[in-house]
Amino acid sequence: MKVLVINCGSSSLKYQLIETDTEAVLVSGLCERIGIDGRLVYKPANGEKRIFDDPLPDHKVGVSNVIAALTNPEYGVIKDLSEIEAVGHRVLHCGEAFKESVLINDEVINIIEGVTEFGPLHIPANLIGIRACRALMPDVPQVAVFDTSFHMTMPKKAYVYAIPYKYYEEYRVRRYGFHGTSHSYVSKRCIELAGLDKDNSKVIVCHLGNGASVTAVLNGKSVDTSMGLSPLEGLVMGTRSGDIDPACLEFIAKKEGFTLPEMVNVLNKKSGVFGVSGVSSDFRDLDAAAKEGNERAILAREMFCYRVAKYVGAYAAAMNGVDAIAFTAGVGENDGKVRKMICDYFGYLGVKVDDEKNAIRGEEVMISTADSKVKVLAIPTNEELAIAQETVALVK
Ligand code: ADP
């Protein structure tokens, strides 16, 4: 089945056309600078990359131009629109409404709109993408795949915050968790690759990208995750602080004369390894600076790894053990040094890393030795394929 996967941001729209029977990506690309001027990047698997500079006043024009490129007689990959059998949309949040992906109808759109305050930047953009596709392809089924729904299996003790309970009851303030599509996809691959019995498995997934989170996956289901109401909680990230004593907010705000939104902006955009190192949010830059002896870059990387290790330890406790640990996303897939620094904390779990295998980048690879008590894997995430597969499952 050919599925168009759409991931809409406020001024961008990433897309992939996937043949799910073979898992082949037929075309990938993005619309950028929507509402500013416009740029459409189109990359067919078997052809040359093209860039179009036609104006993109809104997302609907973006989707329309993507369809025009896909069906172009010269460089398109399908004859006409009818070959697209379904559209899968990445959607940030569904509140507590859905435990799984859903077929989109008017009611679903209303529900997503109703949780806009949980993702004021992302959700309006997600909805614009959905509406644009429905207008242009009214007969094609559309599916919403949420970043949060994989975590809806968490028990209450893991998702309720220890604040007055009425804030949960009245405002639904709780841990939701994010990167759900990635954690779901990678935990499934991990169970397969490690040869585990899904119904008797304890897996910890470390999604380490610019945004980063760890999830405890017990018997294939998320039972705890490090991100919370928003993607700010948990690990030290590229520019986000992760866990911090909330009292720091008032203390620093008073000193600097910041408002609360200004303070939260510091935690989201100016913190993490960027804030500590003063160098960069990118681990390749940190590595280069560390090699030159930059102490704050070294510290930032150590803090990042230490925080991941603490979460893995906590989740091994939460599940009363761990069979496999999987690393994924930009840092997790590529940075063997970081993987090694994290795994060095797990001697007590019987983890042993094979240095040769750990040097491999961007591939599915078991990086632990044959006699390691816990299997450790690097597994490239594939959120688009996961969205396409979820879409097919609902449409068939
Ligand atoms: P996101 O989707 O959260 O933006 P990604 O999963 O794409 O993030 O990860 C991006 C990050 O991955 C970069 O900021 C960089 O730190 C890291 N990264 C990418 N490639 C490498 C590499 N070869 N070595 C080390 N780190 C890398």
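Every value quoted in this text rests on a predicted model; they were computed, and no experiment measured them. Whatever order the structure lists ligands and atoms in, that order sets their numbers, starting from 1.
The shortest N or O to N or O distance between Leu208 and ligand 1 is not below 3.5 Å. Close N/O approach between Asn210 and ligand 1 is found [any backbone or side-chain N/O within under 3.5 Å]. Taking only nitrogen or oxygen atoms, main chain and side chain alike, Gly209 does not reach within less than 3.5 Å of ligand 1. Of the N or O atoms in Gly211, one or more lie within a sub-3.5 Å distance of an N or O in ligand 1.
Between Tyr171 and Tyr167, the ring planes lie parallel to each other; the angle is under 30°, not in the 30° to 60° tilted range. Between Phe98 and Phe146, the ring planes lie parallel to each other; the angle is under 30°, not in the 30° to 60° tilted range.
Look at Glu333 and you'll find every heavy atom at least 4.0 Å from all atoms of ligand 1.
Shown in contact with Arg361 at under 4.0 Å from a heavy atom are these atoms of ligand 1, numbered in order with element: 23 (N). In the vicinity of Phe283, heavy-atom distances shorter than 4.0 Å reach the ligand 1 atoms 15 (C), 16 (O), 26 (N). Heavy-atom proximity to Ala329, at under 4.0 Å, picks out these atoms of ligand 1: 6 (O).
Counting heavy atoms only, Asn334 comes closest to atom 23 (N) of ligand 1 of the residues Asn334, Asp282, Thr328, Thr381. Considering only non-hydrogen atoms, atom 17 (C) of ligand 1 lies nearest to Val331 out of Asp335, Asp285, Val273, Val331.
Shown here is Tyr161, whose OH atom has more than 12 heavy atoms of other residues, nucleotides or ligands within 6.0 Å.
Not a single protein heavy atom sits closer than 4.0 Å to atom 2 (O) of ligand 1.
At distances below 3.5 Å, not a single donor-acceptor pair connects side-chain atoms of Asp354 with backbone N or O atoms of Ser368. In this structure, Glu85 contributes its side chain and Lys2 its backbone to a donor-acceptor pair below 3.5 Å. Under the 3.5 Å distance criterion, the side-chain polar atoms of Arg307 are matched with a main-chain donor or acceptor of Gly234.
The shortest side-chain heavy-atom distance between Phe52 and Asn65 does not fall under the 4.5 Å cut-off. Here the side chains of Val160 and Arg174 are not in contact, with every heavy-atom distance at 4.5 Å or above. Between Ile342 and Cys206, every side-chain heavy-atom pair lies at or beyond the 4.5 Å cut-off.
Ranking the protein heavy atoms by distance from atom 24 (N) of ligand 1 puts Arg284 CG, 3.6 Å first. Summary of contacts: the protein heavy atom closest to atom 9 (O) of ligand 1 is Gly330 CA, 3.3 Å.
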